Amino acid sequence: MCECQNKETELSLATIAAQAGNHEDERGAVALPIYLSSNYRHPTLKEAINFDATKDYTYSRLSTPNRRAVEKTLAKLEGGTAAFAVSSGMAAVQLALSILETGDRLISLDDLYGGDFRYFDYLKQHAGIELDQWDGRSIAELVAKLTPKTRIVWLETPSNPTMKEIDIQAVAAAVHEYDPQIKVIVDNTFYTPIYQRPLLKGADVVIHSATKYLSGHNDLLGGAVVVKDEKLTQAYYDYYITTGDTLDSFDSWLLLRSLKTLKVRMAQHTKNAQAVVEYLKQALEVEKVLYPGKGGMISFYLKEADQVERLLDHVKVITFAESLGGIESLITIPYYQTHADVSVEQRQRLGITPKLLRLSVGLEDAADLIADIKQALAATR
Ligand SMILES: *Cc1c(COP(=O)(O)O)cnc(C)c1O
């Protein structure tokens, strides 16, 4: 954990990102070295007893210099006061939901990362959590679902994979008007703080799969939880150091290095995605394109289901693989992969069909990506 009540949030996001970890090392190293020690010497008994969890080090489950530097950077980027770097996006989901108590109600958007539903169902079965869903359309309908037992409202925007955009500010205002104690939690994996800072729009908690854009190189698994409230910070900290789903020093180092280029990467993902969307929109084989206008994620429907198999079999530059947000463009079929565990009925309702593909546009030359799709689509005829 870091606590970062700082004025530095006034720096621009590009500056915060570029300076990640600089001025952190005692010896003045500009690039923070990797600390692989699992434990740290106590200078004196007095200091051991008066241990300050935001500054000192004792044992690496609690903190390491690399993890703390990542957490400080993420807290600043998201406009929060504290952040927790964890071992995966799902570990971030778990940490964020750790405040639930038996009998509490969790209301979520109906279109989320598939693994979220799996974990929500686990909580229902093992912890007696009541679940409900909202389709993201009418705020009045969401408010009608709130009860005195409601503890969390869970959003992902733009949603995965149907790219619904939710007005975070309107949701947070309406939910907090009903009950300020309800926590609005936003999965900000797709947009990152470069395009959206939910805490500044009234959300209470932001989570990330850092495996995606934050790391951006398809080379690590990580997650983050960012908060702005002191009581919530303490509750998460207690759970975090007890369960130990922490991000290790090496992956923290890699993530910190990646964060430095987050802003330029996001800008280029958007440019490339916009070019690919223009092409897809006029391609004869494509029925419909879902793209919220920024970011690197595109979903699109092909006209015929059998074109899908041939397209996936013929891409050469783009890789047929799960995950997203990296340098390398990836294409997946949510129906069979990321959302396979969502009930058939719900997939149907959301439009997650076997004709829907999800493309994570990378940082290759857009012309090469378009040529690749073109030749793969031609192979579908
Ligand atoms: C991938 C993903 C997750 C889960 O993260 P992992 O790092 O795979 O555990 C959660 N939310 C979203 C939006 C994701 O894309």
Side-chain angles (χ1 to χ4, degrees), residues 70 74 78 83-98 106 108-123 136 152 154-166 168 185-196 198 203 205-226 240 243 245-248 251-252 254-255 258-259 262 266 269 273 290 292 294-299 321-326 328-334 337-342 350 352 356-362:
V70 162
L74 289 172
E78 287 287 5
F84 301 88
V86 291
S87 55
S88 70
M90 285 315 296
V93 172
Q94 188 187 352
L95 177 60
L97 293 174
S98 65
L106 161 67
S108 73
L109 191 68
D110 61 356
D111 185 33
L112 301 173
Y113 176 72
D116 290 357
F117 293 116
R118 238 179 357 231
Y119 188 56
F120 295 168
D121 284 341
Y122 177 92
L123 289 175
I152 288 175
W154 187 280
L155 305 176
E156 185 176 321
T157 176
S159 71
N160 181 3
T162 64
M163 305 290 170
K164 284 194 258 199
E165 282 200 285
I166 307 297
I168 297 169
I185 303 183
V186 180
D187 184 332
N188 202 22
T189 299
F190 272 31
Y191 268 174
T192 82
I194 300 302
Y195 289 132
Q196 172 169 278
V205 181
V206 164
I207 74 133
H208 280 275
S209 168
T211 314
K212 317 295 169 55
Y213 287 105
L214 295 186
S215 65
H217 291 69
N218 289 322
D219 57 7
L220 71 85
L221 193 68
V225 175
V226 189
Y240 174 79
T243 55
D245 276 340
T246 58
L247 195 64
D248 72 56
D251 282 347
S252 296
L254 273 178
L255 177 54
S258 299
L259 284 174
L262 181 63
M266 290 312 289
H269 281 299
L290 307 174
K294 55 190 182 233
M297 297 305 298
I298 303 169
S299 293
E322 288 185 58
S323 200
L324 61 104
E328 299 87 358
S329 292
L330 306 177
I331 192 163
T332 61
I333 176 158
Q337 299 193 298
T338 52
H339 290 67
D341 286 345
V342 176
L350 292 169
I352 303 173
L356 178 71
L357 294 168
R358 195 189 70 188
L359 176 62
S360 170
V361 180

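Counting convention: from 1, in listed order, for ligands and their atoms alike. Remember, it's a predicted structure, so these values are computed and weren't measured experimentally.
- Between Gly89 and ligand 1, an N or O atom pair is found at a separation short of 3.5 Å.
- In terms of polar-atom proximity, defined here as any N/O pair under 3.5 Å, Met90 does make such a contact with ligand 1.
- Every residue meeting the side chain to side chain contact (heavy atoms under 4.5 Å, CB included) condition with Asp245, not counting sequence neighbours, appears here in chain and number order: Ser87, Ala91, Gln94.
- With hydrogens and angles ignored, the 3.5 Å screen pairs a side-chain donor or acceptor of Thr189 with a backbone N or O of Ser209.
- The proximity of Leu221 to ligand 1, defined as any non-hydrogen pair under 4.0 Å, is limited to the side chain.
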Q: Give the intermediate values and the outcome of side chain to side chain contact (heavy atoms under 4.5 Å, CB included) for residues Val186 and Ile168.
A: CA-CA 8 Å; Val186 180; Ile168 297 169; 4.1 Å; yes

What do the steps show when you test Leu350 against His339 for side chain to side chain contact (heavy atoms under 4.5 Å, CB included), and what is the final call?
-> CA-CA 11 Å; Leu350 292 169; His339 290 67; over 6 Å; no

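- Under a 4.0 angstrom heavy-atom cut-off, Gly325 registers as lying outside contact with ligand 1.
- With a heavy-atom cut-off of 4.0 Å, Leu324 touches ligand 1 through its side chain alone.
- Counting non-hydrogen atoms of other residues, nucleotides and ligands closer than 6.0 Å to OH of Tyr119 gives a total above 12.
- Within ligand 1, the atoms closer than 4.0 Å to a non-hydrogen atom of Thr189 are 12 (C), 13 (C), 15 (O), numbered from 1 in the order shown.
- Closest to atom 7 (O) of ligand 1, if we only count protein heavy atoms, is Thr211 OG1, 2.6 Å.
- In terms of protein heavy atoms, atom 2 (C) of ligand 1 is closest to Lys212 NZ, 2.5 Å.
- Within the 3.5 Å criterion, the main-chain N or O of Gln196 finds a donor-acceptor partner in the side chain of Asn188.
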One pair to check against side chain to side chain contact (heavy atoms under 4.5 Å, CB included): Asp187 and Leu112. What are the steps and the verdict?
CA-CA 9 Å; Asp187 184 332; Leu112 301 173; over 6 Å; no

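- Annotation: atom 11 (N) of ligand 1 to nearest protein heavy atom, Asp187 OD2, 2.7 Å.
- Using a 4.0 Å cut-off to heavy atoms of Glu156, the atoms of ligand 1 that qualify are 13 (C).
- At the shortest separation from atom 8 (O) of ligand 1 among protein heavy atoms lies Tyr113 OH, 4.0 Å.
- For the side-chain contact (heavy atoms from CB on, under 4.5 Å) with Val86, the qualifying choice from Leu95, Leu221, Leu247 is Leu95, the only one to do so.
- Cation-pi geometry between Lys294 and Tyr191 is met: the NZ or CZ atom falls under 6.0 Å from the ring centre, inside 45° of the normal.
- Those atoms of ligand 1 with a heavy atom of Gly222 less than 4.0 angstrom away are 7 (O).
- Less than 4.0 angstrom separates some heavy atom of Ser88 from each of these atoms of ligand 1: 7 (O), 9 (O).
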